[in-house]
Amino acid sequence: ALNTLSLHDALPIYDITEFYSKVGNLSHIMRYNDVYCINRESVAEHSFFVASIVLKLSEFYKFDTGIALAMAITHDWPESIIGDVTVKVKRLFPAINTAVKQAEDQVMIENFNFAYGYWSEFEDRQSVESLVVHYADIVQCLHYAEKEINLGNKGYMQEVLSGTLKRLESLEVMLDVYKR
């Protein structure tokens, strides 16, 4: 009987509300927060664009679209708790990079365990789906950097642009065997 159970135990909406409050943080966390940007982009926006690019890539590569979309959506969920520690900071301070990876793993296990498999597979970079999502992630960074440069941001975005082009070439070679 419903009257003997608390509403929290009886209705999944409360669990969904708690989950949404966590992932909803991604709309307030800005990417490239340590450099000047003309047009700020939230982690939530970035994840939407990555997932959209994954869907488009299904025209060109053979992979499980559902798994890849789940990876694309979850790949930055740890940032909802720890924020966006930028690539620049991780490269400059390897110890921070190691600590961030450990924290991300902990955040996923403690807060989003139901999606841990997708996130972990993305991090492992072994499956075609994870390679496609990494490719989409880099394409999105490339387009963001190009947009910033076209708006007049000639600073760090030049470095982002050149770095993404190198990483794209490497992934294209790895994905070649999965072409349609």
Show your reasoning for whether side chain to side chain contact (heavy atoms under 4.5 Å, CB included) applies to M157 and K147.
-> CA-CA 9 Å; M157 289 301 140; K147 182 172 68 172; over 6 Å; no
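- Exactly one of L69, D64, T65 qualifies for a side chain to side chain contact (heavy atoms under 4.5 Å, CB included) with S58. That residue is T65.
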Output, in order, the C-alpha distance, side-chain angles, deciding distance and verdict of side chain to side chain contact (heavy atoms under 4.5 Å, CB included) for I82 and E104.
-> CA-CA 8 Å; I82 63 172; E104 287 175 340; 3.6 Å; yes
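- Residue V177 is not grouped with residue V173 when hydrophobic side chains (ILVMFWY) are merged at heavy-atom distances under 4.5 angstrom, including chains of intermediate members.
- Contact annotation: the side chain of S127 approaches that of M71 to within less than 4.5 Å [non-hydrogen atoms, C-beta and beyond].
- Judged by distance alone, with hydrogens and angles left aside, the side-chain atoms of D84 form no donor-acceptor pair with the main-chain N or O of N33 at under 3.5 Å.
- Tracing side-chain contacts under 4.5 Å through hydrophobic residues (I, L, V, M, F, W, Y), one never reaches Y36 starting from L92; they form parts of separate clusters.
- When all heavy atoms of S162 and E159 are compared, the pair lying nearest together is OG-O, 3.2 Å.
- Note that OG1 of T164 is 11.5 Å distant from CG of L171, once rounded to the nearest 0.5 Å.
- In this structure, the separation between CZ on F48 and CD1 on I53 is 10.0 Å, given to the nearest 0.5 Å.
- To the nearest 0.5 angstrom, L175 atom CG is 12.5 Å from F60 atom CZ.
- Closest of all the heavy-atom pairs between V23 and F112 is CG1-CE2, 3.8 Å.
- The distance between the ring centers of W77 and F19 falls below 6.0 angstrom.
- When all heavy atoms of L131 and R125 are compared, the closest pair comes out as CD2-O, 3.8 Å.
- Contact check for M30 versus E41: no side-chain heavy atoms found under the 4.5 Å cut-off.
- When all heavy atoms of A136 and V50 are compared, the closest pair comes out as CB-O, 3.7 Å.
- A distance of 12.0 Å separates CD of E146 from CG of L151, quoted to the nearest 0.5 Å.
- Taking the six-membered ring for Trp, Y32 and Y144 have ring centres closer than 6.0 Å.
- The closest donor-acceptor contact from the side chain of D76 to the backbone of E79 lies at 3.5 Å or more, if one exists at all.
- For K179, the NZ atom sits in a loose shell: 12 or fewer heavy atoms of surrounding residues, nucleotides or ligands are nearer than 6.0 Å.
- Interatomic distance, H134 NE2 to H75 NE2, rounded to the nearest 0.5 Å: 8.5 Å.
- To the nearest 0.5 Å, atom NE2 of residue H143 and atom CD1 of residue I138 are 12.0 Å apart.
- Scanning both residues, A72 and V133, for their nearest heavy atoms gives CA-CG1, 3.8 Å.
- Annotation: side chain of R31 is in contact with side chain of V43 (closest heavy-atom distance under 4.5 Å).
- Here the side chain of N25 pairs a donor or acceptor atom with the backbone of S80 at under 3.5 angstrom.
- Counting all heavy atoms, side chain and backbone alike, V107 lies closest to P78 at CG1-CA, 3.7 Å.
- Remark: the E172 side chain and the Y135 side chain contain an N/O donor-acceptor pair separated by less than 3.5 Å.
- Between the side chain of N97 and the backbone N or O of R91, no donor-acceptor pair lies under 3.5 Å.
- At distances below 3.5 Å, at least one donor-acceptor pair connects side-chain atoms of K154 with backbone N or O atoms of I149.
- When side chains are defined from C-beta on, K90 does not count as touching K101, because their heavy atoms never get closer than 4.5 Å.
- Using a 3.5 Å distance cut-off with no hydrogens or angles, the side chains of S130 and E121 do not pair a donor with an acceptor.
- Not one N or O on the side chain of S170 forms a donor-acceptor pair closer than 3.5 Å with the backbone of R167.
- Cluster membership for L165 and F49, using ILVMFWY side-chain heavy atoms within less than 4.5 angstrom, is not shared.
- Side-chain atoms of E45 come within 3.5 Å of backbone atoms of S42 as a donor-acceptor pair (strictly under, hydrogens ignored).
- Residue I29 is not grouped with residue V160 when hydrophobic side chains (ILVMFWY) are merged at heavy-atom distances under 4.5 angstrom, including chains of intermediate members.
- When the side chains of ILVMFWY residues are joined at heavy-atom separations under 4.5 Å, either directly or via intervening members, V139 and L57 end up in a single hydrophobic cluster.
- The shortest distance between side-chain heavy atoms of K62 and V128 does not fall below 4.5 Å.
- Using modelled atom types, one finds no donor on one side chain facing an acceptor on the other under 3.5 Å when comparing E148 with Q158.
- Note: Y116 and W119 have tilted aromatic rings, judged against thresholds of 30 and 60 degrees for the angle between ring planes.
- The closest side-chain heavy-atom distance from F63 to V54 is below 4.5 Å.
- More than 12 heavy atoms of other residues, nucleotides or ligands shown are found within 6.0 angstrom of NZ on K88.
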